[in-house]
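Single-structure report; data block below.
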Number of protein chains: 2
Amino acid sequence: MARLAVTRPEGAPERGEAQEAILDAAEIVFGESGFHGATTRAIAVRAQANAALIHYYFGSKEALYEAVIARRAGAINDERRARLAELHATGAVTLEALLDTLLRPTISLGRDPSRGGAHYTRVLGHAASGTDERSHRVTSAYYDGIARVFIAEIAAIVPGLSREGAVRGYLNAIAVAISLMAPTGRVQDLSDGTLADDDLEEMLGGAVRFVAAGIRALAAPGSKPGAA
Amino acid sequence: MARLAVTRPEGAPERGEAQEAILDAAEIVFGESGFHGATTRAIAVRAQANAALIHYYFGSKEALYEAVIARRAGAINDERRARLAELHATGAVTLEALLDTLLRPTISLGRDPSRGGAHYTRVLGHAASGTDERSHRVTSAYYDGIARVFIAEIAAIVPGLSREGAVRGYLNAIAVAISLMAPTGRVQDLSDGTLADDDLEEMLGGAVRFVAAGIRALAAPGSKPGAA
DNA sequence: GCTGCTTTTAATCAGGCGATTAATTAAGGA
DNA sequence: TCCTTAATTAATCGCCTGATTAAAAGCAGC
């Protein structure tokens, strides 16, 4: 009964500490184990909360999952839009600047331990690689809008790039960013002991340079006809 | 008792039809739902086999999962090595040819409905984005070896590319290929009705061109020092 | 210090899970 | 034909899951 009033009141929700603790814990557990692998009990234990609180505040495991994504996605996409507006205001719109604007909020969040670190990025990784209805619903609900914006921007700034190419380039950018930010230990395994340093600007710069060159290559002649 | 003799005999295993049917079904269900989301019952139903057969032949759900990956990974990596040897024999080793060699077996498998289509690629997508012990074990057991080979080849063929850059480039190549081959419906959502055609050579060529340009950009000056 | 509300708790539920079992059928060698 | 072994089945086990509930514990306003 009181649940509806708690999850989403009209004025100022003022989410309590317990709810935030549950969201933080859920982010970690969902990131580690995926939706099905995560259990509400494990989330409750990590949040040091009673298991029933999850259903009291969020209604269901699925609703909690969406709440985890909604919390971060809103902040990330707001930051993207703000940076994009700033970019247009200064007039210095380049492909590299666009990609930096697209990737910086996510990667920077992933490097910030005080805001959950890479846990959310791992959740996103699961959602992005999932083909189930839930993953599809979540990605389209929270990321399709911003995707269309950036796809249009990319198509406009790169000469000769088709909309198809812009879509592909955008998806590749996201794939690269997620593989960069949701470390699976693969880099360490393959680097023969030489650990890659994890400086934010270096990671971001590398990803931007890689994707920018890739997108420009998609616009180069030989893109459409079969030039094996 | 007899199980050990069935799963991996010494001479010629000669896997029966039932086992193949289970593997095919498991590939589909694991691909659709991930490891935790899949149930042995759903796999058995799809394979039109009794649920107990899974444990009789494979011992556990987890062992079945590994068997699914082992079956395809072996074939894919054998093909990669053969193509690589052929490439060196003809002497025409370019970055594009290397990437084609790396990606073609996977993408071509993913486009072949008679060999499971994109289902295995979706399984790989889950494993690649997973941070759990099982995903890590599977990827390192079946893909680290071939990864080292191609990383060394890439580092050797691209002037000025560090080993770090080669590792990053390789991982980006895999990320792009998986996002390309494990379609989540995202492309259709973002393409405004203009469906991207799915010609194999065009998909493969686009991915190769994208990744090759990206890798070369990683080797360009400004890669190591902070050139924001 | 009541009273009415929200928050939190412990206990419990029905259902689905992976796994196991014992019994049945099929196949092959002596 | 008989007997051993492999393949297959239906039935069931104990466990863990998400979810529910009724009661207890705070905590305002009066």
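Sequence lines set the chain letters: A, B, ... in the order given, protein chains first and strands last, and positions in each chain run from 1. All values reported here derive from a predicted model rather than from experimental measurement.
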A:Thr139 to A:Ala127 - nearest heavy-atom pair and separation: CG2-O, 4.0 Å
Counting only heavy atoms and a strict 4.0 angstrom limit, can you tell me which residues of residues 26-51 of chain B come near DNA chain C? B:Ala38, B:Thr39, B:Thr40, B:Arg41
Worked verdict on A:Ser179 versus B:Arg168 for side chain to side chain donor-acceptor pair (under 3.5 Å): CA-CA 10 Å; A:Ser179 111; B:Arg168 196 70 253 162; 3.1 Å; yes
In terms of heavy-atom contacts, does CD of A:Glu133 have more than 12 from other residues, nucleotides or ligands at under 6.0 Å? yes
Any carboxylate oxygen within less than 4.0 angstrom of a Lys/Arg side-chain nitrogen, looking at [X] and [Y]?
X        : Y        : result
B:Arg104 : B:Glu79  : no
B:Arg134 : B:Glu62  : yes
B:Arg71  : B:Asp24  : yes
A:Arg209 : A:Asp100 : no

So what is the end-to-end bend of the helix from C:dG1-D:dC30 to C:dA30-D:dT1, with 5 pairs used at each end and the value given to 10 degrees? 10°
If the cut-off is 4.0 Å, is A:Tyr56 near the phosphate of C:dT7, judged by side-chain N/O to OP1 or OP2? yes
Among C:dT21, C:dT8, D:dA19, the one nearest A:Ser60 by side-chain distance: D:dA19
To the nearest 0.5 Å, what is the distance between CE (B:Met181) and CG (B:Leu204)? 10.0 Å
